[in-house]
Asks: 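Below you'll find the structure I mean.
Every chain is numbered from 1 and lettered A, B, ... according to where its sequence line falls, protein lines coming before strand lines.
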2 protein chains.
Amino acid sequence: MSGKVKMVTMRDVAQASGFSPATVSIVLNNAPLARYIAPATKKRIEDAAKKLGYRPNAMARFLRSRRSQTVGVMIFDITDPFCTPVLRGIENALYQSSYVPIFADAHNQRTRFERYLEMLLEHHVEALIVVANWLFVDIQLLADLSKRNITAATIGWEVPGDSVSSVMVDNEAGGRLALEHLHHLGHRKIAVIRGPKMLIDSGPRWKGIQKFANSVGLEMDPSLVVQLPDELEANSGFDGGYRFTEELLERKKKFTAVLAFDDLTAFGAIRALTKAGIKVPEQCSVVGFDDVPLSALSAPSLTTVRQPLEAMGNLAVNLVVEGIKAGLEKRDWSISRHKMTPELVIRDSTKAVEGGKDLTK
Amino acid sequence: MSGKVKMVTMRDVAQASGFSPATVSIVLNNAPLARYIAPATKKRIEDAAKKLGYRPNAMARFLRSRRSQTVGVMIFDITDPFCTPVLRGIENALYQSSYVPIFADAHNQRTRFERYLEMLLEHHVEALIVVANWLFVDIQLLADLSKRNITAATIGWEVPGDSVSSVMVDNEAGGRLALEHLHHLGHRKIAVIRGPKMLIDSGPRWKGIQKFANSVGLEMDPSLVVQLPDELEANSGFDGGYRFTEELLERKKKFTAVLAFDDLTAFGAIRALTKAGIKVPEQCSVVGFDDVPLSALSAPSLTTVRQPLEAMGNLAVNLVVEGIKAGLEKRDWSISRHKMTPELVIRDSTKAVEGGKDLTK
DNA sequence: CCGGTTGCTTGAATCGTTTCAAGTCAGACA
DNA sequence: TGTCTGACTTGAAACGATTCAAGCAACCGG
């Protein structure tokens with residue numbers, strides 16, 4: 001019961017099957033040389049391995065072959081609902097490729113990011129995936145990783161230079177989608193809560209909004225446009241949405257819809273509106289961005305611009321796995337930058353403007 | 001630029017400092033023997049290591065010392081909002097102890113669980129933490145792990161036998177808390193949505209409810225009590241809450257409050273009530289269980305029984321870390337089972353019953 | 001009967017660290 | 001002068017796999 005189980009090594013399998021460790025290794029890994037091995041031999045070795053319950057020792061293997069079967073997954077803050085589906089996508093794709101994720105959560109802190117990077121390097125991850133926000137513009141990352149030729153990919157952020165692939169959503173198209181929806185519903189007085197300046201997403205989203213506004217001759221009242229501050233707190237989006245909406249209400253400016261930077265901000269806005277006795281969506285529509293998991297469950301459920309988060313996680317994995325392969329085969333390989341197309345998800349938080357006609361029908 | 005960076009090994013540090021690899025190892029690890037090493041030597045070695053940017057190779061180290069600095073974290077479904085705070089707690093505590101988490105998400109599938117277990121063993125995790133639900137009663141886990149003396153702890157589930165520690169919430173106290181709150185608010189006709197039979201939490205929560213009801217002479221109308229089916233789907237709680245609430249409404253039974261099995265179920269209930277034109281909390285109170293992150297953000301925010309999820313993650317880590325230490329020092333060590341006390345969080349989804357008086361004041 | 005092929009298998013080096021038993025050396029003591 | 005203490009330091013053997021160059025038969029054609 002308490003007796004320690006001696007580890008079954010390749011040597012044991014060799015002994016049991018009557019072949020040498022070299023042969024066992026070749027067979028069990030289906031190495032190139034395996035095509036010279038007699039089928040009967042293969043069978044005997046495989047049987048022996050199974051019977052003994054042989055499990056390769058990933059560490060020992062790494063030492064010789066330099067393959068750790070491990071990928072670092074660095075997340076800026078798992079507490080942010082944005083991250084969960086992305087993580088799911090990453091995990092799932094890695095699983096398909098038989099890589100194991102080493103999980104690192106930076107808690108939005110640079111020092112923590114750096115320490116984790118160190119740890120990941122010590123563990124010789126074969127690649128790194130970073131789900132990032134503004135914090136992570138890091139020369140270190142570029143220099144250290146590409147020199148050690150560890151392929152890396154970021155999700156939700158781009159690193160300057162040509163050493164890191166990236167996967168993002170097409171923010172401009174998303175911004176456009178959001179405003180287009182509200183416009184079609186007949187909204188003309190629309191409050192916009194822009195994202196923090198330092199976030200890479202904020203600019204393009206706003207640009208998409210403006211472009212659409214121009215294209216249909218819609219005037220965006222500057223006094224209805226506010227911008228979230230550069231904040232790192234977990235729920236700063238929610239708080240910001242709440243505060244700014246309150247503020248707008250106090251200013252007595254009239255608006256029939258709020259276009260929020262992201263879902264959390266939208267929830268904050270809804271909270272503020274509800275508290276002020278304004279019904280969503282009857283008296284004011286609210287649209288978010290991201291489609292985080294809560295958005296479908298909240299009351300009212302949130303109309304939002306969906307980022308294909310899980311697919312983005314998937315894609316990032318495929319990119320780095322390609323990079324690993326290329327490195328192994330000494331092929332050339334260059335990074336790529338991707339923009340996924342967002343999708344409008346219409347739920348219960350938006351409605352045709354009171355008295356206006358729903359132009360979507 | 002493209003030149004590969006040769007790894008800096010201990011040998012290099014030895015060379016640079018003029019000592020042998022053995023000495024370097026002793027110094028850099030601050031091994032027991034280090035107390036015999038001259039301070040000047042230590043300094044020279046440490047300087048050399050720093051100058052060369054030496055980073056120990058975790059794999060090579062493991063091979064000799066059997067320490068992988070790695071802990072497996074198996075989660076039943078990261079998509080479940082319950083898991084996020086727990087994961088945060090685990091990650092944070094591991095980070096403090098300089099362990100690196102290997103992340104595994106079973107997607108609620110047994111086969112996936114087993115394959116991941118295999119992978120974790122290949123990577124020689126020093127311990128395993130399982131955030132579990134009903135799926136994971138697994139003899140394998142007990143046998144394989146304790147025999148290979150890998151300490152393990154589960155969160156949210158108990159494994160029979162004496163080989164796995166566990167951390168749970170005191171469900172009975174929680175159930176009591178929830179009903180007590182509604183009762184104090186004057187509610188007497190209370191619908192209860194019980195958890196699935198196969199979930200370990202369901203029984204004790206219901207028991208806590210019944211006990212409190214008895215203690216105050218409250219009669220729980222059996223026709224107002226329903227039970228969620230054994231479902232594995234991600235949002236089955238939400239759907240169940242929605243469906244059962246709809247059903248109760250159709251039956252025209254009167255009730256002024258819903259005590260839901262967990263927060264997701266509560267959200268489902270709120271959705272159904274809202275859809276039927278019943279205002280929460282004005283016409284019907286709803287109380288959940290867990291306090292998942294969304295609960296604070298939803299409109300109305302959810303009154304719920306809080307599980308200290310992050311603390312539970314922390315505790316689980318502390319348990320296994322203790323186990324690892326004990327194993328290293330060949331001390332005896334026995335598993336433990338913990339029940340954390342839940343806490344009532346009063347938010348906006350509950351209110352004194354219409355016409356009744358709020359007894360909490 | 002020899003040299004060359006083909007088909008299959010393996011010896012031995014290697015990866016980067018840790019771990020002791022065993023070394024060296026200077027000075028103290030007898 | 002010889003021996004004995006420390007006080008430091010290190011040689012060399014693991015750990016468990018991978019990887020080639022090299023080995024061994026057996027067979028074939030000439």
Side-chain angles (χ1 to χ4, degrees), chain A residues 4-46 48-49 52-70 121-124 126 148 328, chain B residues 4-45 48-49 52-69 121-124 126 148 328:
Chain A
K4 305 184 186 187
V5 171
K6 186 87 185 71
M7 192 160 45
V8 180
T9 76
M10 207 156 75
R11 209 181 210 73
D12 299 328
V13 178
Q15 215 118 50
S17 63
F19 293 92
S20 76
T23 311
V24 174
S25 171
I26 290 163
V27 169
L28 259 28
N29 292 302
N30 204 359
L33 251 42
R35 62 207 179 88
Y36 297 124
I37 305 278
T41 306
K42 288 190 186 172
K43 181 148 177 28
R44 273 169 60 198
I45 289 179
E46 274 153 7
L52 297 183
Y54 170 70
R55 240 189 282 276
N57 182 325
M59 311 286 180
R61 162 180 301 172
F62 161 82
L63 206 52
R64 192 74 235 275
S65 69
R66 319 266 75 186
R67 308 209 47 192
S68 65
Q69 320 252 58
T70 265
L121 289 177
E122 285 179 12
H123 283 268
H124 290 272
E126 293 187 49
R148 297 171 175 272
L328 245 43
Chain B
K4 306 183 184 188
V5 171
K6 186 86 186 75
M7 191 160 45
V8 180
T9 75
M10 207 155 78
R11 208 179 212 75
D12 299 325
V13 178
Q15 216 118 49
S17 64
F19 292 92
S20 75
T23 312
V24 174
S25 170
I26 290 163
V27 169
L28 260 27
N29 292 303
N30 204 0
L33 251 42
R35 63 209 180 86
Y36 297 125
I37 305 277
T41 305
K42 287 190 188 173
K43 180 146 177 26
R44 272 169 60 198
I45 289 178
L52 298 183
Y54 170 70
R55 238 188 282 277
N57 182 326
M59 311 286 180
R61 164 178 298 168
F62 162 83
L63 205 53
R64 193 74 237 272
S65 70
R66 320 265 77 186
R67 306 208 48 192
S68 65
Q69 320 252 57
L121 289 176
E122 285 179 10
H123 283 268
H124 291 273
E126 293 188 48
R148 297 171 174 273
L328 244 44

Asks: Is there a side-chain contact between B/L28 and B/Y54 (heavy atoms, below 4.5 Å)?
Replies: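 With C-beta onward as the side chain, the pair touches.
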Asks: Classify the side chain of B/R64 and the base of C/dT17 as holding, or not holding, a donor-acceptor pair under 3.5 Å.
Replies: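 It does not, because no donor-acceptor pair links the side chain of B/R64 to the base of C/dT17 below 3.5 Å.
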Asks: Does B/E126 use its side chain to pair, donor to acceptor, with the backbone of B/S68 at less than 3.5 Å?
Replies: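 Side chain of B/E126 to backbone of B/S68, a donor-acceptor pair under 3.5 Å: yes, one is there.
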Asks: Could you give the OH-to-C1' distance, from A/Y36 to D/dT19, as a whole number of Å?
Replies: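 It is 15 Å, rounded to the nearest whole Å.
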Asks: Measuring from the side chain of B/A22 (C-beta onward, heavy atoms only), which nucleotide among C/dT10, D/dA12, D/dG16 has the closest atom?
Replies: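 Nearest to the side chain of B/A22 among the choices is D/dA12.
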Asks: So, OP1 or OP2 of D/dT9: does either fall under 4.0 Å of a side-chain N or O from B/T41?
Replies: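 So the side-chain polar atoms of B/T41 do come within 4.0 Å of the phosphate oxygens OP1 or OP2 of D/dT9, strictly under.
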Asks: Taking donor-acceptor contacts at under 3.5 Å, does the side chain of B/R61 reach the base of C/dT18?
Replies: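 Flag unset: no donor-acceptor pair detected.
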Asks: Of all the nucleotides listed (D/dT19, D/dC8, C/dC15), which has the minimum atom distance to the side chain of A/L63?
Replies: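 Nearest nucleotide to the side chain: C/dC15.
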Asks: In whole angstroms, how far is the P atom of C/dT17 from the CD1 atom of B/I45?
Replies: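 Result: 14 Å.
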Asks: To the nearest Å, give me how far apart CZ (A/R35) and P (C/dT9) are.
Replies: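 Rounding to the nearest Å, CZ of A/R35 and P of C/dT9 are 14 Å apart.
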Asks: Check whether any side-chain N or O of A/N29 sits under 4.0 Å from OP1 or OP2 of D/dT18, and answer yes or no.
Replies: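 For D/dT18, OP1 or OP2 has a side-chain N or O of A/N29 closer than 4.0 Å.
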Asks: Tell me: CD of A/Q69 to C1' of D/dA17, nearest whole Å?
Replies: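 So the two atoms are 12 Å apart, to the nearest Å.
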Asks: Check the distance between C/dC20's C1' and B/I37's CD1 and give it to me in whole angstrom.
Replies: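 Roughly 13 Å, once rounded to whole Å.
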Asks: At their closest point, which heavy atom of A/P21 faces which heavy atom of A/A14, and how far apart are they?
Replies: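 It is N-CB, 3.6 Å.
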Asks: Any idea which of C/dT18, D/dG16, C/dG16 is nearest the B/S65 side chain?
Replies: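 From the listed options, C/dT18 comes nearest.
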Asks: Report yes if at least one side-chain N or O of A/Y54 is closer than 4.0 Å to OP1 or OP2 of D/dA17; otherwise report no.
Replies: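 So the side-chain polar atoms of A/Y54 do come within 4.0 Å of the phosphate oxygens OP1 or OP2 of D/dA17, strictly under.
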Asks: By nearest heavy atom, map B/P56 and B/L33 onto DNA chain C; which one lands nearer the 5' end?
Replies: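 Going by which nucleotide is closer to the 5' end, it is B/P56.
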Asks: Does any N or O in the side chain of A/R55 come within less than 3.5 Å of the main-chain N or O of B/E122, such that one atom is a donor and the other an acceptor?
Replies: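 Not a single qualifying donor-acceptor pair exists.
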Asks: Which part of the nucleic acid does A/T9 contact within heavy-atom distance under 4.0 Å: base, sugar-phosphate only, or nothing?
Replies: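 Since only primed, P, OP1 and OP2 atoms lie under 4.0 Å of A/T9, the category is sugar-phosphate.
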Asks: May I ask you to verify if any side-chain N or O of B/T23 is less than 4.0 angstrom from the OP1 or OP2 atom of D/dT9?
Replies: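 Checking B/T23 against D/dT9: no side-chain N or O falls below 4.0 Å of OP1 or OP2.
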Asks: Should we count CZ of B/R11 as having more than 12 external heavy atoms under 6.0 Å?
Replies: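 For B/R11, atom CZ is not crowded (no more than 12 foreign heavy atoms under 6.0 Å).
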Asks: Look at the side chain of B/S25 and decide which nucleotide, out of D/dT18, C/dG11, C/dT19, has an atom nearest to it.
Replies: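 Nearest nucleotide to the side chain: C/dT19.
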Asks: Within 45° of the six-membered ring axis of A/F62 and under 6.0 Å from that ring's centre, is NZ or CZ of A/R64 located there?
Replies: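 Checked: cation-pi criterion not met.
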Asks: Taking any heavy-atom pair under 4.0 Å as a contact, classify A/A38: base, sugar-phosphate, or nothing.
Replies: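 Sugar-phosphate: the residue A/A38, judged by heavy atoms under 4.0 Å, touches backbone atoms but no base.
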Asks: Rounded to the nearest angstrom, tell me the gap between atom CZ in A/F19 and atom P in C/dC8.
Replies: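 After rounding, the reported distance stands at 12 Å.
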Asks: Specify the separation, in whole Å, of atom CE of B/M59 and atom P of C/dC15.
Replies: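 After rounding, the gap between these two atoms is 17 Å.
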Asks: Please pick, from D/dG11, D/dG16, C/dT19, the nucleotide with the shortest atom-to-atom distance to any side-chain atom of B/I26.
Replies: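 When the side chain of B/I26 is considered, C/dT19 is the closest of D/dG11, D/dG16, C/dT19.
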Asks: What does B/F62 touch in the nucleic acid at a heavy-atom separation under 4.0 angstrom: a base, only the sugar-phosphate, or nothing?
Replies: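 Since no nucleic acid heavy atom lies under 4.0 Å of B/F62, the category is nothing.
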Asks: To the nearest Å, how far apart are A/R66 CZ and D/dA17 C1'?
Replies: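 Atom CZ in A/R66 sits about 12 Å away from atom C1' in D/dA17.
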Asks: Consider the side chain of B/A60, meaning its heavy atoms from C-beta on, and name the nucleotide among D/dG16, D/dC20, C/dG16 that approaches it most closely.
Replies: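 Of the candidates, C/dG16 comes closest.
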